[in-house]
Number of protein chains: 2
Amino acid sequence: MTAPSDARARGTRLPRVRRRRQLLAAAQEVFVARGYHAAAMDEIADRAGVSKPVLYQHFPGKLELYLALLEEHSEVLVEKQREALESTDDNRQRVIASFRAYFDFVAGDGEAFRLVFESDLRNLPAVREKSEETFQRCAELIGAVIRQDTSISDEEAHLLSIGLVGMAETSARYWLNNHGSVPKGAAEQLVARLAWRGISGWDLHRAAEEQD
Amino acid sequence: MTAPSDARARGTRLPRVRRRRQLLAAAQEVFVARGYHAAAMDEIADRAGVSKPVLYQHFPGKLELYLALLEEHSEVLVEKQREALESTDDNRQRVIASFRAYFDFVAGDGEAFRLVFESDLRNLPAVREKSEETFQRCAELIGAVIRQDTSISDEEAHLLSIGLVGMAETSARYWLNNHGSVPKGAAEQLVARLAWRGISGWDLHRAAEEQD
DNA sequence: GGAGGAACCTACGCCGGAGTAAGATGGGGG
DNA sequence: CCCCCATCTTACTCCGGCGTAGGTTCCTCC
């Protein structure tokens, strides 16, 4: 670990756009490894093989740098989720694809998911809002599917999707932290099955269950 | 909001134990409202109607103060969960009770749940471990019930309980943040039903589902 | 080949907030 | 009645880390 990423040749100059990309990559590594607060601008600069003022020529401040990354990866997650749900018309497969999307997201891109799911800056309104918005958008995508194919009320469908998204997020994160205990495919399938059993045929058996 | 809690009579002396309790209460308010990093020892002291050194006569540092609270409320959650699962022998009722326990926890005690679920100090190993341990203990309690009444393998049962706990935590937090859209009892029931449909009769229908 | 500007550096200002020294105060036991 | 210790206070020190002033190098384009 602690691969220096791009500390190559402390003396190479880069065109502006290229440098910016690289700075973002370095920042991601540091923010992911240390969290927002423990991350130092000096370390990010070092990691990029550059001095601090360079960082400030590309981003007005630490916060903006962080927000840029948060924004980017939030968008990736929502997009993955959208693709998953559009990938098929079979709802059962949809559930599986949706969970796989979460696991993929968590497994991918240098653990960037920690920015979205485990940010230590949620107390800042801007960050909290972004986080919740991302969460809501995912839930809404799923909620739309549920509503479309059942007679569940809007409010109930929404709450159910919230629960499902929470399950996906939590189990994906858990799976990643305990790599090796269960292979990815199996974990996805298992949790997806739990979800599918939960929602499939909700209307049908509802009356019966209401009896209790 | 910003109820001063106990800023009563800036000049009253208190016996050691009583003062300690009060400091913990003040600290909880501030940590919950601001998070660990944005919380200032000065503010905690002020909130308790006392000066900073007093705080340091009761706790060696900011971190220890925080950990004391985290520990306490983590224990409360696990205990609530244990009680819920022991409250009945009917597994369906168990699921409901278990979810209710999460909602109760989130609804209770000055939003102390934010320390356990939304800590902005998870990057510190001590905190991360405590958080995960709490989470695991809850999952393990549920996992034990699942294993006890089904033939699901240990590993699978564990992953399923992880997912369920995640669902409970997420939906409870969401419900609290959007108070008013759904009454507590209804929300609990709805999500509990989702979970119950998911796990009940898992063995029975398993073979059939494996076909796909 | 030499201005000019873009990319980069060293070195510092400064501020918030954790933790501390040294002294004031007040009430219970001798 | 007065001493003593526990309680509490004011008023600092110190440090990490963000952001910046001012100067330097190297490439490009005329």
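These numbers were taken from a predicted model, which means no experiment stands behind them. So that the names make sense, note that chain A is the first sequence line, chain B the second, and so on, each numbered from 1.
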Are the side chains of B:L115 and B:K130 in touch, meaning some heavy atoms are under 4.5 Å apart? no
| task | Just call it for A:A39: base, sugar-phosphate, or nothing, with non-hydrogen atoms closer than 4.0 Å on any strand. | result | sugar-phosphate
Whole-Å distance, B:L55 CG to C:dT20 P, equals 12 Å
Tabulate protein N/O versus nucleotide N/O from nucleotides 20-22 of chain D, keeping only pairs under 3.5 Å, one per line.
none

d(B:L159 CG, A:N178 CG) to nearest 0.5 Å is 9.5 Å
Pair up each side-chain donor or acceptor in residues 121-128 of chain A with any protein partner under 3.5 Å, not counting sequence neighbours, and list the distances.
{"from": "A:R128", "atom 1": "NE", "to": "A:R122", "atom 2": "O", "distance (Å)": "3.2"}

Sequence neighbours excluded, the answer for side-chain hydrogen bond (donor to acceptor under 3.5 Å, both in side chains) partners of A:Q28 is A:H73, A:D109
Taken to the nearest whole Å, CE/A:M41 to C1'/C:dG13 is 17 Å
Value for CZ (A:R100) from OG (A:S87), rounded to nearest 0.5 Å, stands at 7.5 Å
Rounded to whole Å, CZ of A:F31 lies from P of D:dG17 at a distance of 13 Å
Practice item. Please work out whether the ring planes of B:H158 and A:Y174 are parallel, tilted or perpendicular, with thresholds of 30° and 60°. Key: perpendicular
In whole angstroms, the gap separating C1' of C:dA18 from CG of B:L63 amounts to 12 Å
Separation between NE2 (B:H37) and OH (B:Y66), nearest 0.5 Å, reads 9.0 Å
A:Q189 meets the side-chain hydrogen bond (donor to acceptor under 3.5 Å, both in side chains) criterion, sequence neighbours left out, with none
Using nucleotides 26-28 of chain D, report all nitrogen or oxygen pairs with the protein that are shorter than 3.5 Å.
none

From the candidates C:dC9, D:dT10, C:dG19, the one with an atom nearest any side-chain atom of B:S51 is D:dT10
B:Y36 atom OH is separated from C:dA18 atom C1', nearest whole Å, by 9 Å
Out of C:dC9, C:dA7, C:dG17, minimum distance to the side chain of A:R16 belongs to C:dA7
Does the pair B:E140/B:R147 count as a salt bridge with the N-to-O cut at 4.0 Å?
-> yes
May I ask you to decide if the ring planes of B:F117 and B:F105 are parallel, tilted or perpendicular, using 30° and 60° as cut-offs? perpendicular
TODO: Please determine if B:E83 and B:K80 form a salt bridge, counting it only when a charged side-chain N lies under 4.0 Å from a carboxylate O.
DONE: no
Separation of D:dC18 atom C1' from B:H37 atom NE2, nearest Å, is 15 Å
Give me the distances for all protein-to-nucleotides 3-5 of chain D N/O pairs that come in under 3.5 Å?
none

A:K62 NZ to D:dG17 P, in whole Å, measures 8 Å
Rounded to whole Å, the CZ-P distance (B:R20 to D:dT7) equals 13 Å
Query raised in the report: Short question: side chain of B:S98, backbone of B:R94 - any donor-acceptor pair under 3.5 Å?
Result: no
Open item on the list: Quick check on C:dC8: is either OP1 or OP2 less than 4.0 Å from any side-chain nitrogen or oxygen of A:R19?
Closed with: yes
